[in-house]
Structures are given as C-alpha cells and as structure tokens.
Asker: 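Structure incoming, see below.
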Amino acid sequence: MPTVRDQKAKVVSDEPAARDNSQPAGDFEPSIEVEIAGVRFQNPVLTASGTFGYGQEFAHLIDLNRLGGICVKGISAAPMPGNPPPRIYETDSGMLNAIGLQNVGAKRFLEEKLPFLRTLRARTVVNVFGYTTEDYVRCIEILNDGDGIDAYELNISCPNTRCGGMVYGNDPKLTEEVVAASKRAARLPLWVKLSPNVTDITVLARAAENAGADALSLVNTFVGMAIDVETRTPRISNVTAGLSGPAIKPIALRMVYQTARAVRIPIIGLGGIATTEDALEFLIAGARAVQVGTANFYAPDTSIKIVEGIRTYCRRKRLHVDDLVGSLQVPTPNVEKATEY
Ligand SMILES: Cc1cc2nc3c(=O)[nH]c(=O)nc-3n(C[C@H](O)[C@H](O)[C@H](O)COP(=O)(O)O)c2cc1C
C-alpha cells in the first residue's frame with residue numbers, strides 16, 4: 001500500500017495533462033481571485049489549520065505571499081499544552097493525529113504571531129475552538145482586538161464538557177447554539193468547519209447556515225485508530241485520533257458535493273488535497289476555495305504549486321475560477337435506477 005510520502009511524486013506534476021480539444025490559451029488571462037463573505041483572496045488556495053503552524057514556521061521554505069490564505073493552528077481563549085506523545089502515526093496514504101489542540105492562547109497569538117501574519121498578502125484566517133459555548137465566545141472577543149485577521153474559522157469538532165462530551169459538530173442543536181453565539185460576538189466573517197464524523201453532513205451544514213455562518217469549511221479529520229500488535233498498545237496515546245491525507249479525499253469530496261447543493265453560503269473544501277487535480281475536483285464539486293493540510297508535512301510547496309496549476313488549467317480552459325466552481329457535469333443516466341454497486 002502507498003504511504004502518505006508516496007504522494008509526493010504526484011505533487012510534482014502540477015497540472016493535469018491536456019486531454020481535451022479546448023482552444024489554445026492565446027492572450028486569455030483568467031482571474032483566479034475569489035471572494036468569501038466579502039473578503040477577497042488573491043487565489044483560492046489556503047493552508048489548513050494545524051498543518052502550517054502560525055505561518056512563520058514555513059517562511060524559509062516557501063514564499064508565503066503567493067498563498068491565498070493561511071488558516072492558523074486552532075486557538076483557544078487560554079493556552080493549551082496538548083496531549084502527551086505519541087501524537088502522530090503514519091498510515092497507508094494518510095496520517096493519524098491527536099495533538100490535543102496545543103496552542104499559545106488568544107492573547108499571545110495577538111502579541112507574538114499576528115504581527116508577522118499581517119505583513120503578508122495572504123489572508124489570515126484564525127481557527128477557534130473551546131469546550132463550552134462561553135469558551136468560543138471569550139476567544140473571539142479577545143481576537144476581535146487583533147489587527148490583521150480576515151475571518152474566523154470555528155472548529156466545532158470539540159467535545160462539549162457541559163454535555164457529557166457530546167461533540168458540538170455531531171448535534172444540530174449544539175451546532176446552532178455555538179454558531180449563533182459566536183456570530184453575535186464576531187466582528188469578522190465566521191466560517192464554520194464541519195466534522196465528517198456524522199451520518200448526514202448536510203443536516204449540520206444547514207444548522208450552521210441557519211445560525212448565521214458566513215461560510216463552511218469541510219472537512220475536518222475522520223476518527224480512526226491504529227494498534228501495535230507486538231505490545232498490544234495503541235499507536236497514539238489518546239487511543240483514537242484524526243485521520244487525514246489522501247486516504248480521505250474521495251469521502252471529503254463527496255461531502256463537499258452534497259453540501260454545495262444543500263446550502264447557499266460559500267464552501268471551502270479540504271481533505272487529502274495534494275495535487276492541482278485534487279484541488280480542481282473540489283472546486284468543480286462546488287467549493288469556492290480549498291485548503292491543503294497533511295501534504296504540507298512532506299511537500300511544503302504543494303499549495304503554491306497548486307496555485308500555479310489552477311492558473312494554467314484556467315488559461316487552457318479559458319475559464320475564470322468563479323466559472324469553475326460547482327461546474328460538475330453529471331451525465332443523465334441511461335438506466336432507470338443507478339446504484340453504486
Ligand atoms: C497535525 C494536525 C493538526 C490539526 N489541527 C487542527 C486544528 O487545530 N483545528 C482544525 O480545525 N483542524 C485541524 N486539523 C485538521 C486539518 O485542518 C484538516 O481539516 C484535515 O487534516 C484534513 O485535511 P488534509 O487531509 O489535507 O490534512 C489538523 C490536522 C492535522 C494533520
């Protein structure tokens with residue numbers, strides 16, 4: 001089975017080969033800018049929360065000014081130490097992580113991390129989490145004082161300590177509660193990042209939209225686990241962990257496609273994106289922008305290669321990115337009732 005690193009070879013080919021009869025690009029220059037809840041991004045490619053630190057850690061590796069945006073590591077009102085190691089384990093075409101949302105806390109983020117991010121052309125999206133609705137609101141109130149944040153992204157994959165550990169993003173009522181309270185507190189656009197560990201993601205997507213979300217990011221990681229059979233111990237100290245990387249891409253893509261048809265607000269698609277073709281699939285399925293996560297760990301230049309790959313594709317197809325969004329052509333089936341089997 002391929003490991004997550006095997007995907008690196010795929011990243012090198014940054015634009016799908018021409019397989020059609022489209023016109024030569026000529027002098028057509030596509031617009032690859034996108035707008036999400038009133039904020040313009042110079043291109044539709046962002047880095048995903050938790051896989052790109054606070055941006056500065058990658059400044060010696062790539063030109064951050066070429067990114068559409070950076071979603072920083074999840075921030076809570078108070079600093080958090082995270083889980084004990086081992087916290088990461090590589091799987092076939094993916095990785096498991098249970099970092100435990102380690103972060104510097106909202107106040108130190110404003111003092112130590114935001115001044116650098118504000119010097120960039122890439123937009124800054126701050127991922128926010130908490131264990132009670134009041135935690136989320138408190139965190140946003142602190143962040144509201146920051147200069148240079150463009151949007152908040154609410155991570156609702158956290159267990160609510162008041163509700164016996166029920167995860168916010170698994171329950172439409174809790175989702176509505178935390179989104180409505182956060183929206184009231186936020187002075188910036190509010191994106192809500194959905195958990196894929198649900199039966200029907202469109203139910204949660206509609207709950208977030210009804211409660212005032214300005215955009216939806218999907219998806220977060222899938223709950224998984226791995227066991228060392230020699231010691232009969234879990235590979236991750238937390239026992240269960242979040243699965244990310246190319247292994248999850250087809251499921252994430254399906255969820256983006258379904259959600260794009262269920263809500264009116266913009267969608268930011270992510271889950272296993274490692275190549276231009278992956279990113280194009282999410283845009284065609286209905287995402288207005290994409291995020292690159294796990295690929296940053298083995299190929300930090302993935303996002304900027306994807307930016308150029310999207311530009312080249314749009315030039316060749318004589319399309320602006322906006323024309324691509326949700327442009328999936330579904331052929332009419334010639335059988336009466338099609339199934340997946
Ligand atoms: C090590 C690690 C840490 C993460 N931390 C966060 C986080 O703090 N907040 C969040 O919303 N998502 C977090 N995620 C989830 C990613 O942002 C992303 O949703 C997920 O990994 C799927 O995308 P990918 O397959 O491209 O990695 C984390 C993922 C990884 C691998």
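Counting starts at 1 for both ligands and their atoms, in listed order.
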Asker: Heavy-atom distances under 4.0 Å are what count here, so tell me which part of N97 touches ligand 1: side chain, backbone, both or neither.
Answerer: side chain
Asker: With only distance considered, is L270 within less than 3.5 Å of ligand 1 through an N or O on each side?
Answerer: no
Asker: Determine whether the aromatic ring centres of residues Y136 and Y168 are separated by less than 6.0 angstrom.
Answerer: yes
Asker: What protein heavy atom lies closest to atom 21 (O) of ligand 1? Include the residue and the distance to one decimal.
Answerer: S244 CB, 3.2 Å
Asker: Taking only heavy atoms of G271, which atoms of ligand 1 are found under 4.0 Å from at least one of them?
Answerer: 22 (C), 23 (O), 25 (O)
Asker: Using a strict threshold of under 4.0 Å (side-chain N to carboxylate O), is an ion pair present between R206 and E209?
Answerer: no
Asker: N/O to N/O below 3.5 Å, does that happen between V292 and ligand 1?
Answerer: no
Asker: V219 heavy atoms, cut-off 4.0 Å: which ligand 1 atoms fall inside?
Answerer: 19 (O), 22 (C)
Asker: Return yes if a side-chain donor-acceptor contact under 3.5 Å exists between S303 and T47, otherwise no.
Answerer: no
Asker: Is a donor on one side and an acceptor on the other found under 3.5 Å between the side chain of T51 and the backbone of A48?
Answerer: yes
Asker: Is the side chain of N144 donor-acceptor paired with the backbone N or O of A185 at a distance under 3.5 Å, no angle test?
Answerer: yes
Asker: Under 3.5 Å, N or O to N or O, is Q291 touching ligand 1 that way?
Answerer: no
Asker: Are any of the N or O atoms of G272 closer than 3.5 Å to those of ligand 1?
Answerer: yes
Asker: Should we say atom CG of L328 is surrounded by more than 12 heavy atoms from elsewhere, each under 6.0 Å from it?
Answerer: yes
Asker: Suppose we measure from atom 20 (C) of ligand 1 to each protein heavy atom; which comes out shortest, and what is that distance?
Answerer: T221 CG2, 3.8 Å
Asker: Any donor and acceptor pair, going by atom type alone, linking the side chain of T302 with main-chain N or O of A299 inside 3.5 Å?
Answerer: yes
Asker: So between N220, V290, L218, L154, whose heavy atom ends up nearest atom 15 (C) of ligand 1?
Answerer: N220
Asker: For atom 11 (O) of ligand 1, what's the nearest protein heavy-atom neighbour? Residue, atom name and distance, please.
Answerer: N127 ND2, 2.9 Å
Asker: For atom 26 (O) of ligand 1, what is the closest protein heavy atom, and at what distance to 0.1 Å?
Answerer: G293 N, 3.1 Å
Asker: In terms of hydrophobic clustering (I, L, V, M, F, W, Y; side-chain heavy atoms under 4.5 Å; direct or indirect links), are I251 and V223 co-clustered?
Answerer: no
Asker: Check the surroundings of atom CZ in R118: do more than 12 heavy atoms from other residues, nucleotides or ligands lie under 6.0 Å from it?
Answerer: yes
Asker: Please determine which of L216, T202, N155 meets the side-chain contact (heavy atoms from CB on, under 4.5 Å) test together with L194.
Answerer: L216
Asker: Report the nearest protein non-hydrogen atom to atom 12 (N) of ligand 1: residue, atom name, distance rounded to 0.1 Å.
Answerer: K193 NZ, 3.0 Å
Asker: So, regarding G245 and ligand 1 (criterion: nitrogen or oxygen to nitrogen or oxygen, under 3.5 Å), is there a contact or not?
Answerer: yes
Asker: Check this for me - ligand 1, K73, N or O atoms closer than 3.5 angstrom, yes or no?
Answerer: yes
Asker: Will you find, in the side chains of R123 and Q42, an N or O donor that is under 3.5 Å from an N or O acceptor?
Answerer: no
Asker: Is the closest heavy atom of I88 to ligand 1 under 4.0 Å?
Answerer: no
Asker: Numbering the atoms of ligand 1 from 1, which are under 4.0 Å from a heavy atom of T294?
Answerer: 24 (P), 25 (O), 26 (O), 27 (O)
Asker: For atom 13 (C) of ligand 1, what's the nearest protein heavy atom and its distance?
Answerer: S49 O, 3.1 Å
Asker: Per the side chain to side chain donor-acceptor pair (under 3.5 Å) rule, what does the pair list look like for residues 56-81, sequence neighbours excluded?
Answerer: S76-N103
Asker: Looking only at protein heavy atoms, which one is nearest to atom 3 (C) of ligand 1, and what is the separation?
Answerer: G50 O, 3.3 Å
Asker: Which of the numbered atoms in ligand 1 are under 4.0 angstrom from any heavy atom belonging to L101?
Answerer: 7 (C), 8 (O)
Asker: Do E153 and ligand 1 have an N or O pair less than 3.5 Å apart?
Answerer: no
Asker: Filter on salt bridge (Lys or Arg N to Asp or Glu O under 4.0 Å), then keep only pairs touching residues 212-229, sequence neighbours left out; what's left?
Answerer: K183-D214, D228-R235
